[in-house]
Amino acid sequence: GENVEQHPSTLSVQEGDSAVIKCTYSDSASNYFPWYKQELGKGPQLIIDIRSNVGEKKDQRIAVTLNKTAKHFSLHITETQPEDSAVYFCAASIGSGSYGGSQGNLIFGKGTKLSVKP
Amino acid sequence: DTGVSQNPRHKITKRGQNVTFRCDPISEHNRLYWYRQTLGQGPEFLTYFQNEAQLEKSRLLSDRFSAERPKGSFSTLEIQRTEQGDSAMYLCASSLRSGPPYEQYFGPGTRLTVT
C-alpha cells in the first residue's frame, strides 16, 4: 500500500533561519499533498497544499515544492519565528482506488518536530 | 466558532467499557473523516462519510468500532469493550469539494485513555 516517509524527525534552527522538511511517497496515483502544523494538545492545522499539476506554491514565508518524477515534496519555511515551533506533518491523498479506498483519505508521514530557538 | 468541534476533549475509561465520541463538522461540509493518532505518529485514517453514507472503512477499524452520521450532519464514533491499545487521540476532519482532491480541516480531537 501507499507509504509516506518524512525526514527529518526533529529539526532545530535559529530564529530567522530557514527550515526544510522533505517527504517521499510511493503511489504514483497520489495527486494531492497537504502540509499540517500541529501544536501540543491541538488538532492538525492545514497550512499549505499542492496538487499534482503544480510544481511549486508559496504563501508568505511558506513554500512547497513537488517533484512527481521522483515522488517527493518538500516544505520550506523562511525567516523562522519561535511561533513556528510545532510538529509538521506531510500527507498524500490517494486519488485512484489503490490502498485505503481512494476518496481523499490522507496518508500521513510520521511528523517533524521543529524547534525555533530565539 | 465555525470550525470542526469534537466532544468530549478528554475521556478516561476502564478497560471493557464502551465510549462514544461526537464530531460536528464545518457547516455544509458534506464529507466527514475519522482518524486515530497515537503518540509520536501521524494520524491514521479510520473511516469517512459522504453525507450520511459511510463510504470507506480502514482495516484498522475493528468490529468493536462503529461510526454513524445520521442526517449527514454530526457524526459519532463508538468503541465497544475498550482495550488499552485503543488509547489514542481520535481526530475528526471535514471537507467540501465538488471533486477530488479534498482539503480536510481537523477538529481538536478527543484524547482517550483506557486504564
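Reminder, nothing fancy here: chain letters follow the sequence lines and each chain counts from 1.
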Q. So do Glu103(B) and Leu46(A) actually touch side chain to side chain, heavy atoms under 4.5 Å?
A. yes
Q: Could you tell me which of Pro43(B), Gly42(B), Gly40(B) has the largest number of non-hydrogen atom pairs under 4.5 Å with chain A?
A: Pro43(B)
Q: Go through the atoms of Arg111(B) and report whether side chain, backbone, both or neither lie under 4.5 Å from a heavy atom of chain A.
A: neither
Q. If you measure from OH on Tyr105(B) to OH on Tyr36(A), what distance do you get to the nearest 0.5 Å?
A. 8.0 Å
**Q.** Gap between atom CG of Asn105(A) and atom CZ of Arg31(B) - 0.5 Å precision
**A.** 9.5 Å
(Q) What part of Lys110(A) gets within 4.5 angstrom of chain B, counting heavy atoms only: side chain, backbone, both, or neither? (A) both
Q. Side chain, backbone, both or neither: which part of Gln45(A) has a heavy atom under 4.5 Å from chain B?
A. neither
Q. Top residue by heavy-atom pair count (under 4.5 Å) with chain B, among Gly111(A), Ser52(A), Gly41(A), Pro44(A)?
A. Pro44(A)
Q: Report the distance from atom CD of Gln41(B) to atom CZ of Phe89(A), rounding to the nearest 0.5 Å.
A: 8.5 Å
(Q) Grouping I, L, V, M, F, W and Y whenever their side-chain heavy atoms are under 4.5 Å apart, do Phe49(B) and Leu46(B) come out in a common cluster? (A) yes
Q: Inspect the surroundings of CD in Glu28(B) and state if more than 12 heavy atoms from other residues, nucleotides or ligands are less than 6.0 Å away.
A: no
Q: Assess whether atom CD of Glu68(B) is packed by more than 12 heavy atoms of other residues, nucleotides or ligands within 6.0 Å.
A: no
Q.
To the closest 0.5 Å, what do you measure between CG (Leu91(B)) and NZ (Lys42(A))?
A. 14.0 Å
Q: Using non-hydrogen atoms and a 4.5 Å limit, figure out which bit of Gln6(B) sits close to chain A: side chain, backbone, both or neither.
A: neither
Q. Would the number of heavy atoms belonging to other residues, nucleotides or ligands and lying under 6.0 Å from CZ of Arg61(A) be above 12?
A. yes
**Q.** Glu79(A) CD: over 12 foreign heavy atoms closer than 6.0 Å
**A.** no
Q: Answer yes or no: are there more than 12 heavy-atom neighbours, outside Leu60(B) itself, under 6.0 Å from its atom CG?
A: yes
Q. Is there a donor-acceptor pair under 3.5 Å between the side chain of Tyr35(B) and the backbone N or O of Leu106(A)?
A. yes
Q: Count the heavy atoms of every other residue, nucleotide or ligand shown that sit under 6.0 Å from NZ of Lys57(A), and state whether that count exceeds 12.
A: yes
Q) If you group Ile, Leu, Val, Met, Phe, Trp and Tyr whenever their side-chain heavy atoms sit less than 4.5 Å apart, what else falls in with Phe74(B)? A) none
